[in-house]
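Notes to accompany the following structure.
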Amino acid sequence: MKRLPLWITITGAILMTMMTANGAATKSGSITKSSFGKTPDGEPVDLYLLKNKNGVEVAITTYGGAVVSLKVSDRNGKLGDVVLGYDSLEGYENDKAYLGAIVGRYANRIAHAQFILDGKTYTLAKNNGENSLHGGIKGFNKKVWTAKAIPGKYDQSLELSYLSKDGEEGFPGNLKVTVTYMLMDSNKLRIEYSATTDKKTVVNLTNHSYFNLAGPGSGDILGHILQIEADKFTPVDSNLIPTGELRDVAGTPFDFRKPTAIGGRIDSDDEQIKLGGGYDHNFVLRSWEKPSGGTPVARVVERKSGRVLEVWTTLPGMQLYTGNFLDGTTKGKGGIAYTRRSAFCLETQYYPNSPNQPKFPSPVLRPGEHYHAMTLYKFSVEKQ
Ligand code: GLA
């Protein structure tokens, strides 16, 4: 049957409707835009709602490029939110947990808040003990991004861009960053990261979504079953800085090569678990050396809802963070208190402190080069 796309624009909304040749309308994906308020400087902030043909929807704010909500089906076809977030802009302005945000210019930690490039030392703010964390005091999670909605036939995209000026938060080079969220009709959320620079710099971009596949407010995530395709992880010191060693996961609580409950070993008497207060570690993804040919780098199953999350990435590492610092003082959507281990993050990344670890994959970006990374979250269900 021949389908003719018909574009209809309504106030502040872009809706795409597919018309069949005989005029019967079958709804396709859509993108709608609404106001999310203004920053104290008077800068307008928007909220974009991307929906696919199955009703799966993701709301993204231009403030920090944060994923505010992500609604996917359970095994009975009931849509439910699976990420932590805030109802209002104020929540994001006050946020200290990076809920759903784009993190940069350098996600995760840089030891002693400094690094050297071509013999020059660059000094950053120490916003995590002695170290720099997640791009500094006002990282990419606290910036208002410029948005462009790109509706498609089978996918709905939001392109966010930001220019990080030379010297911002101590990093060298004007960095032009684009992050594109694409919600596909196949229930995948694809995040594409691109950047160019005019001076040699370091770049590590991620998304800091906190997932609870049973829904925020449904308790801890210790029963979620996790699998990670990693034979090694990067053990840390007491400041959560990698020691430089790539340690075998075999025989440790970090062995997720077979599906294992997140909580199974989270309180074990293991030095690394104790240092992290649970899991707060980078996994060395096997796919970086041997491209996975279709196998996800991680798979999470929540048995009650039947929801399944699979992750693919082009990046070398992934931080498993089990919300150990959430302490219930942060109130999120609907006034829900986000308690310890009530969500998990799978932050795809260059390894923490790579700028100071020559043996780790290099996060250095030079003028003329193009930083490009892709991470994909796929949602499905498992029957009982
Ligand atoms: C990352 C870090 C954690 C913590 C969270 C944000 O996952 O590794 O230690 O800082 O971000 O709270």
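Numbering of ligands and ligand atoms starts at 1, following listing order. The analysis underlying the following values was restricted to heavy atoms, covering all of them including side chains, and did not include hydrogens, waters or symmetry mates.
Against a heavy-atom cut-off of under 4.0 Å, Gln319 is close to the following atoms of ligand 1: 8 (O).
Scanning the protein for heavy atoms near atom 8 (O) of ligand 1, the closest one is Asp280 OD1, 2.6 Å. Of all protein heavy atoms, the one lying nearest to atom 12 (O) of ligand 1 is Tyr210 OH, 3.6 Å. For atom 5 (C) of ligand 1, the nearest protein heavy atom (residue, atom name, distance) is His208 NE2, 3.6 Å. Protein heavy atom closest to atom 1 (C) of ligand 1, with residue, atom name and distance, is His134 NE2, 3.2 Å. Taking atom 7 (O) of ligand 1 as the reference point, the nearest protein heavy-atom neighbour is Glu347 OE2, 2.7 Å.
Heavy-atom minimum distance, Val300 versus Leu213: O-CD1, 3.8 Å.
Checked against a 3.5 angstrom limit, the closest N/O atoms of Tyr98 and ligand 1 fall outside it. Taking distance alone, with nitrogen or oxygen atoms compared against 3.5 Å, Lys96 stays at or beyond that limit from ligand 1.
Ring-centre distance between Phe140 and Tyr162: below the 6.0 Å cut-off. Centroid-to-centroid, the aromatic rings of His208 and Tyr210 come within less than 6.0 Å. For an aromatic pair to be called close, the ring centres must be under 6.0 Å apart, and Tyr92 with Tyr63 fails this.
Neither the backbone nor the side chain of Phe344 comes within 4.0 Å of ligand 1, counting heavy atoms alone. Contacts of Leu133 with ligand 1, taken as heavy-atom pairs under 4.0 Å, involve the side chain alone.
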Requested in this report: Report the C-alpha distance between Thr201 and Arg105 in whole Å, list the side-chain angles of each, state the deciding distance to 0.1 Å, and finish with yes or no for side chain to side chain donor-acceptor pair (under 3.5 Å).
Outcome: CA-CA 10 Å; Thr201 190; Arg105 175 179 311 199; 3.0 Å; yes
Query raised in the report: Could you walk me through whether Thr329 and Asp327 pass the side chain to side chain donor-acceptor pair (under 3.5 Å) check?
Result: CA-CA 6 Å; Thr329 53; Asp327 60 5; 2.5 Å; yes
**Report entry** Check against side chain to side chain donor-acceptor pair (under 3.5 Å), Asn204 and Asn108
**Finding:** CA-CA 8 Å; Asn204 190 20; Asn108 217 307; over 6 Å; no
